[in-house]
Amino acid sequence: YLRIAGQGYDFHSAPFFPLFPFMIRLLTYLMQDAVAAGFLISNAALFIACYYLHRLVKEEYGTEIASSTVFIMLFFPTAIFFSSIYTEAPFLAFTLAAFYYGRQKRWMLASILGACAALTRNIGVVLFLAFLYMQYQQEGYRLNIRKALPLALIPASLLIFLFILWRATGDPLAFSHSLQTPYWGNRHFAYPGAGQLLNLSLFIYHGNSYSLFESGMALLFLYLVIRSFKYIKDRSMLIFLVLGFLIPFSSVVGDTPLGMPRYILVLFPGFITLAILLRKHNLYHPYTVITTIAFSVICAMFVAGRWIS
């Protein structure tokens with residue numbers, strides 16, 4: 001992200017969406033330090049994400065579940081990426097704010113924020129379907145074309161990215177074509193769980209312990225996705241959760257793990273479900289101890305330069 005912010009795109013950096021590097025570049029003009037700008041953006045976005053997450057959850061589940069959800073997200077074992085120069089926090093801030101204003105029926109603002117999310121990470125485009133259903137529900141299960149028009153900003157925003165890539169590389173689809181080269185491990189879509197079966201084979205036949213961690217986190221979150229059908233009342237959130245999980249869960253990257261422990265961080269409805277389950281079964285306090293220890297260990301490993309996700 002820092003390289004894109006400072007030097008622009010090339011073919012190998014094409015899979016990284018443009019809004020976060022653009023924000024870093026813009027703030028660097030004021031701070032004269034790209035690293036400081038990146039950290040400031042991520043951590044300010046994390047604060048905003050926590051604010052909107054608490055408000056969204058409090059409306060439906062009350063203060064206790066809302067506070068528990070925020071804690072679970074902040075101290076999820078791989079939550080270090082929220083505070084680092086990665087897209088997790090900015091994407092989550094845009095997404096949660098978009099959901100909040102969508103519920104308020106402020107659809108132009110929600111659509112603009114959704115478009116920002118789509119320009120920050122690839123799964124942002126699924127917000128179009130999630131919000132289309134939310135609006136359909138608000139209108140008494142009828143589709144109001146006039147009110148739905150602003151939602152077109154979300155998929156249309158990707159045209160900006162295509163134009164940037166066309167100018168930089170001559171290939172508007174470089175973000176996809178680059179992933180299918182050896183540089184990125186010939187990443188491609190397969191059936192759901194294909195990447196995790198590959199991870200397990202790497203652990204069994206090659207003793208790759210990280211592969212077991214990767215698959216364990218993916219399967220844990222798969223369990224939360226399944227349980228969310230019972231506990232997540234807002235079906236638009238459920239659409240975002242399911243599609244946002246299936247996209248990376250159905251991806252394969254050569255002979256290396258994909259990075260699911262990081263990709264699941266932005267799937268906030270899963271954290272709501274986890275908070276409800278832990279409170280329901282009186283396991284919240286034991287969980288806080290375990291997850292805080294795991295978070296601390298992973299933070300130390302990350303700072304020491306170990307591969308986490």
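Closest heavy-atom contact between M134 and R103: SD-N, 3.7 Å. Of all heavy-atom pairs spanning I48 and A93, the tightest one is CG2-CB, 4.1 Å. For the residue pair T120 and T87, the shortest heavy atom distance occurs at O-CG2, 3.7 Å. Shortest non-hydrogen contact noted between A14 and L165 is CB-CD2, 3.8 Å. Nearest heavy-atom pair, A118 versus S157, reported as atom, atom and distance to 0.1 Å: CB-OG, 3.7 Å. Here the closest heavy-atom approach between residue L241 and residue G270 is recorded as CD1-N, 3.9 Å.
Residues M217 and P77 are in side-chain contact: their nearest non-hydrogen atoms beyond the backbone lie under 4.5 Å apart. Residues L119 and F91 fail the side-chain proximity criterion, which asks for heavy atoms closer than 4.5 Å. Between T78 and R262, the closest side-chain pair of non-hydrogen atoms is not below 4.5 Å. Under the 4.5 Å side-chain criterion, counting only non-hydrogen atoms from C-beta, S68 is in contact with Y284. Annotation: side chain of L56 is not in contact with side chain of L53 (no heavy-atom distance under 4.5 Å). Looking only at side-chain heavy atoms (C-beta outward), I72 and L278 come within less than 4.5 Å of each other. Looking only at side-chain heavy atoms (C-beta outward), I160 and P18 stay at 4.5 Å or farther from each other. Using a 4.5 Å heavy-atom cutoff, the side chains of L96 and L113 are not in contact.
Note that OG1 of T273 and CD1 of I226 are 11.5 Å apart. Values are rounded to the nearest 0.5 Å. For the atom pair H54 NE2 and S67 OG, the distance stands at 3.5 Å (nearest 0.5 Å). Here CG of L153 is found 13.0 Å from CG of L127. Values are rounded to the nearest 0.5 Å. Once rounded to the nearest 0.5 Å, the distance linking CG of L74 with OG1 of T69 reads 11.0 Å. Atom CZ of F268 and atom CD1 of I232 lie 8.5 Å apart (nearest 0.5 Å). The distance from atom OG of S215 to atom CG of L220, rounded to the nearest 0.5 Å, is 12.0 Å.
The ring pair (Phe, Tyr, Trp, His ring centres under 6.0 Å) pairs that include a residue from residues 109-138 are F99-F131, W107-F131, Y136-Y141, where partners are two or more places apart or lie in different chains.
In the hydrophobic clustering of ILVMFWY residues, with side-chain heavy atoms under 4.5 Å counting as a link, F271 and I290 come out apart. Note on Y52 and M108: separate hydrophobic clusters, where clusters join Ile, Leu, Val, Met, Phe, Trp and Tyr whose side-chain heavy atoms are under 4.5 Å apart, directly or indirectly. F203 and V252 are members of different hydrophobic clusters when ILVMFWY side chains are connected at heavy-atom separations under 4.5 Å. Grouping the Ile, Leu, Val, Met, Phe, Trp and Tyr side chains by contacts below 4.5 angstrom, directly or via other members, places I112 apart from L19. Hydrophobic clustering (side-chain heavy atoms under 4.5 Å, transitive across Ile, Leu, Val, Met, Phe, Trp, Tyr) keeps F47 apart from F94.
Aromatic pair F75/F71: ring centres closer than 6.0 Å. Taking the ring centroids of Y210 and F213, they lie under the 6.0 Å cut-off. Checked against the 6.0 Å centroid threshold, F11 and F175 do not count as a close aromatic pair.
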Item checked: Derivation and outcome, side chain to side chain contact (heavy atoms under 4.5 Å, CB included), residues D10 and T169 -> CA-CA 6 Å; D10 57 31; T169 70; 5.5 Å; no

Margin query: Checking S83 against L46 for the side chain to side chain contact (heavy atoms under 4.5 Å, CB included) test, could you report, in this order, the C-alpha distance in whole Å, the side-chain angles of both residues, the deciding distance, and whether it holds?
Written below: CA-CA 7 Å; S83 298; L46 179 59; 3.8 Å; yes

Next item on the list: Check the pair F82 / F76 against ring-ring contact (aromatic ring centres under 6.0 Å, His included), numbers first and verdict last.
Entry: CA-CA 10 Å; F82 283 133; F76 196 73; 8.8 Å; no

Check: Would M73 and C50 count as a side chain to side chain contact (heavy atoms under 4.5 Å, CB included) if you check the C-alpha gap in whole Å, the side-chain angles of each, and the deciding distance to 0.1 Å?
Finding: CA-CA 9 Å; M73 183 186 76; C50 289; 3.8 Å; yes

Item checked: Stepwise side-chain hydrogen bond (donor to acceptor under 3.5 Å, both in side chains) check, R187 with S251 -> CA-CA 7 Å; R187 184 175 305 200; S251 301; over 6 Å; no

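Between the side chain of S250 and the main chain of F189, no donor-acceptor pair closer than 3.5 Å is present. With hydrogens and angles disregarded, no donor-acceptor distance shorter than 3.5 Å links the side chain of S42 to the backbone of F39. Under a 3.5 Å cut-off, the side chain of E139 and the backbone N or O of N144 do not form any donor-acceptor pair. Listed for the T95 side chain is no donor-acceptor partner under 3.5 Å among the backbone atoms of L92. A donor-acceptor contact shorter than 3.5 Å is absent between the side chain of E88 and the backbone of A79. The main-chain N or O of L198 is found under 3.5 Å from a side-chain atom of S201 such that the two form a donor-acceptor pair. Looking only at distances, a side-chain donor or acceptor of H188 sits under 3.5 Å from a matching main-chain atom of N186. Q135 contributes no side-chain N or O that, together with a main-chain N or O of L143, makes up a donor-acceptor pair within less than 3.5 Å.
Annotation: cation-pi geometry not satisfied between R121 and F17 (NZ/CZ under 6.0 angstrom from ring centroid, within 45° of ring axis). Both the sub-6.0 Å distance and the 45° axial angle are not jointly satisfied by K280 relative to the ring of Y231.
No hydrogens or angles considered: a donor-acceptor pair under 3.5 Å links the side chains of D234 and S236.
Dense packing is recorded around NE2 of H281, with more than 12 heavy atoms of other residues, nucleotides or ligands lying under 6.0 Å away. At most 12 non-hydrogen atoms from other residues, nucleotides or ligands lie less than 6.0 angstrom from CZ of F22. Within 6.0 Å of atom CZ in R167, 12 or fewer heavy atoms from other residues, nucleotides or ligands are found, so the atom counts as exposed in its surroundings.
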